[in-house]
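Worksheet: one structure, shown below.
None of these values were measured; they are calculated from a predicted model. The basis for the numbers below is simple: all heavy atoms, side chains too, and nothing from hydrogens, waters or symmetry mates.
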Amino acid sequence: MESQEPQVKNSPLMPLMYTNRVALKTILESGDGETGLVGTTVVVGGWVKSSKEVKKEPLPPPQSPPPAAADAFPAASHGTKDVTCVEILQSRIPFFRTIIRVLGGSASSPAVRQKLESLIPKPPPPSIFLLDINDGSCVSSLRVVIDSAIVPVSAGQILPTGTCILAQGVLGNPSALGKQTIELTVEKILHVGTVEQDKYPLSRKRLPLDSLRDYPHIRPRTTTVASVARIRNTLDFASHTFFQNRGFLHVQVPIMTTTDPEGFSEKFQVTTLLGETSKKESPIGVSDADGVSPETVKAAIQEKSSLVEQLKRSDSNREALAAAVQDLKKTNELAQQIETREKSKPVTAVKPDLVNFNADFFGRQIYLTVSGRLHLESYACALGHVYSFGPRFRADKTVSAKHVAEMWTVEAEMAFAQLEDAMKCAEDCFKFLCRWILDNCSEDMKFVSKRIDKTVAHRLEYMASSSYDRISYREAVEILSKVTDKAFETQLQWGVPLTDEHLSYLADDHYRRPVIIYDYPKAVKPFYVRLNDDGKTVAAFEMVVPKIGTVIIGSQNEERFDMLNARIKEFDLSKDQYEWYLDLRRHGTVKHSGLSLGFDLMVLLATGLTDVRDVIPFTRIHGKANN
């Protein structure tokens, strides 16, 4: 089936693939200057960001002598141009006025003449509609001018914010009605997608970001969220570019897994046995209520109550009345049983001790992945340098501006690499992403600098060009223990995890730039991290960034079979689940290191926003998942 859109020929602007529509970015950010596009015919589409109607001064009625009777209603065949009903009426107004003068007489009959004048159909006054539309390709909107005298259109049809419009027109110099450097004068409207203005969430201007979270399917139409989406897309591409240009292979790791790389994280369990568990936990002794819904019983009670009332009014059959009353009583008892059953239904997650997981889909317990690094290791030990990019899940109910249940992560593993190599890779990757976003997303960075955080571009520039300090966990504890002008909520001592408050002080106040902390106590890092020679610390690191906190974590992983086996026992993990992981040490083991970059946190840093829920397209948090 061929496209119904018109073919616009001889246009210097290239339309988008698979459509004749020209992206607004190619018009508004033209390298040759927008004025060079004047006179170009294009097809554009987008959603109305704002609209305004300007009334035109109506033209005075034409004064012409009464037409001859033969010419009063010329045949349609006299002309070849199609005319509208309004144009026909306007052309007949002089004729109607002549009739009024004949019927109404002279000035002696003003009342009659006024009455007859009111019967003349009056055409609607011409208007100019000024629409600012945006198609999501850039920050700026294009001014679209629609003259109702040229393009007949109803005001209520296209004016509301949120309306979708596809139109063909000519680019020209801006009129005195707008501040734009170029605008489109519409010749033909190809499509109008109406909007229910009273229900449209974005009818109000500047809706707060926290309110927009309730409309994740609509909020991309806002300038801020659209800009965040383009920055996110740019960082996505940059992440792949960094690793691809350095010889890494992209490997897809499973989302469902039997292992927990962290060893102590809250996990989402995947099962198909939830329905069967609910049946097993249902109360015994209400067999009459099994399979009967509360709605069915309520309808039966209502029907039987009506029957009882009818029999009472007739007073003709006492036996039938007694039977109906007894039947109603039993139905009410059944309703109480069903209510008890509904209240006793479990609302908690599946309890492992109540479920036979051998009968589950996979025949064992399985979870949504917390990290893909263990699976990446198997490919790194065969292909050398590999990376993955995908969602990771944590069933953490804590409310945080930096963490939600589902977050995207870039992970990499390198064979024949040690801790120092992983830290160097992390620093290079982070600087590359900062530089890439500044060089390839300038218009969006200007917008977020103006609307969200004035220092965000300067901060990215500084982090892309500065050197990063590297300190051990022990040095970090010593620095924090000497702080006298600030009281930390968590008591600091060697061997405990550094809190967000501690990390923020190091990056924001002490160093005022990214800092890499390495050699953590073995108790606070996963079981697979390589044990250092001191027997107390492991070869792990965190890159801490001002305003955000930890963005990248990494480690050199344990390649020694005996050490890894001992760590699995130390964490009280099931050895059966990690036999495949131990195989990598049994057969051709090699030193290897890797890292995990919190992609959503990187987007948060680049946009200057403060809550990760505003940079993830569809956020999943405890107790809430809209769509």
Donor-acceptor pair, [X] side chain versus [Y] backbone, under 3.5 Å?
X: Glu29; Y: Cys138; result: no
X: Asp444; Y: Val139; result: no
X: Ser593; Y: Gln418; result: yes
X: Arg230; Y: Gly136; result: yes

Qualifying salt bridge (Lys or Arg N to Asp or Glu O under 4.0 Å) pairs, either residue in [range], two or more places apart:
range: residues 247-259; answer: none
range: residues 377-392; answer: Glu377-Arg585, Arg392-Glu411
range: residues 550-559; answer: Arg530-Glu559, Glu558-Arg560
range: residues 595-611; answer: Arg213-Asp611, Arg232-Asp600, Asp611-Arg613

[X]: partners by ring-ring contact (aromatic ring centres under 6.0 Å, His included), with sequence neighbours left out:
X: Phe488; value: His502, Tyr505
X: Phe393; value: none
X: His240; value: His250, Tyr387, Phe389

Output yes when Lys522 and Asp534 qualify as a salt bridge under the 4.0 Å nitrogen-oxygen rule, no when they do not.
no

Locate the shortest heavy-atom distance separating [X] from [Y]; write the atom from each residue and the value.
X: Phe541; Y: Gly594; answer: CE2-O, 4.3 Å
X: Leu376; Y: Ala412; answer: CD1-N, 4.0 Å
X: Pro216; Y: Phe618; answer: CB-CD2, 3.8 Å
X: Val590; Y: Ala415; answer: CG1-CB, 4.4 Å
X: Asp509; Y: Arg512; answer: O-NE, 3.6 Å
X: Thr610; Y: Ala401; answer: O-CB, 3.6 Å

Taking side-chain contact (heavy atoms from CB on, under 4.5 Å) as the definition, give me every residue that meets it alongside [X], ordered by chain and number, with sequence neighbours left out.
X: Leu582; value: Phe561, Leu564, Asn565, Ile568, Lys575, Glu579, Arg586
X: Ser504; value: Asp508
X: Tyr468; value: Glu427, Phe430, Lys431, Met463, Ser466, Pro514, Met543
X: Asp453; value: Thr455, Val456, Arg459

Considering only heavy atoms from C-beta outward, does the side chain of [X] approach that of [Y] to under 4.5 Å?
X: Tyr511; Y: Ile479; result: yes
X: Cys425; Y: Phe242; result: yes
X: Leu368; Y: Glu406; result: no
X: Leu202; Y: Ile218; result: yes
X: Met602; Y: Val410; result: no
X: His375; Y: Val251; result: no
X: Ile452; Y: Thr224; result: yes
X: Val253; Y: Tyr379; result: no

Under a 3.5 Å cutoff, is there a donor and acceptor pairing between the side chains of [X] and [Y]?
X: Ser472; Y: Asp519; value: no
X: Asp396; Y: Thr398; value: yes
X: Thr259; Y: Thr257; value: yes
X: Lys402; Y: Thr550; value: no
X: Ser555; Y: Arg373; value: yes

Working to the nearest 0.5 angstrom, can you tell me the gap between [X] [atom1] and [Y] [atom2]?
X: Leu595; Y: Ile552; atom1: CG; atom2: CD1; value: 6.0 Å
X: Glu478; Y: Glu475; atom1: CD; atom2: CD; value: 7.0 Å
X: Arg21; Y: Leu16; atom1: CZ; atom2: CG; value: 5.0 Å
X: Phe248; Y: Phe243; atom1: CZ; atom2: CZ; value: 5.5 Å
X: Phe447; Y: Ser140; atom1: CZ; atom2: OG; value: 10.0 Å
X: Gln244; Y: Ser239; atom1: CD; atom2: OG; value: 11.5 Å

Test side chain to side chain contact (heavy atoms under 4.5 Å, CB included), reference Val544, set Asp500, Leu498, Leu506, Ile517, output is Ile517

Going by the side chain to side chain contact (heavy atoms under 4.5 Å, CB included) test, name the single residue among Leu609, Asp614, Ile616, Val551 that passes it with Leu604.
Leu609

Looking at [X], I'd like to know if its [atom1] atom is crowded, meaning that more than 12 non-hydrogen atoms belonging to other residues, nucleotides or ligands lie closer than 6.0 Å.
X: Phe362; atom1: CZ; answer: yes
X: Asp533; atom1: CG; answer: no
X: Asp572; atom1: CG; answer: no
X: Asp583; atom1: CG; answer: yes
X: Arg474; atom1: CZ; answer: no
X: Lys49; atom1: NZ; answer: yes

Would you please name every residue forming a side-chain hydrogen bond (donor to acceptor under 3.5 Å, both in side chains) with Gln577, sequence neighbours left out?
none

Residue pair His403, Arg394: steps toward the side chain to side chain contact (heavy atoms under 4.5 Å, CB included) verdict:
CA-CA 9 Å; His403 298 282; Arg394 291 180 186 270; over 6 Å; no

Check the orientation of Tyr462 and His458. Use parallel for under 30°, tilted for 30 to 60°, and perpendicular for over 60°.
parallel

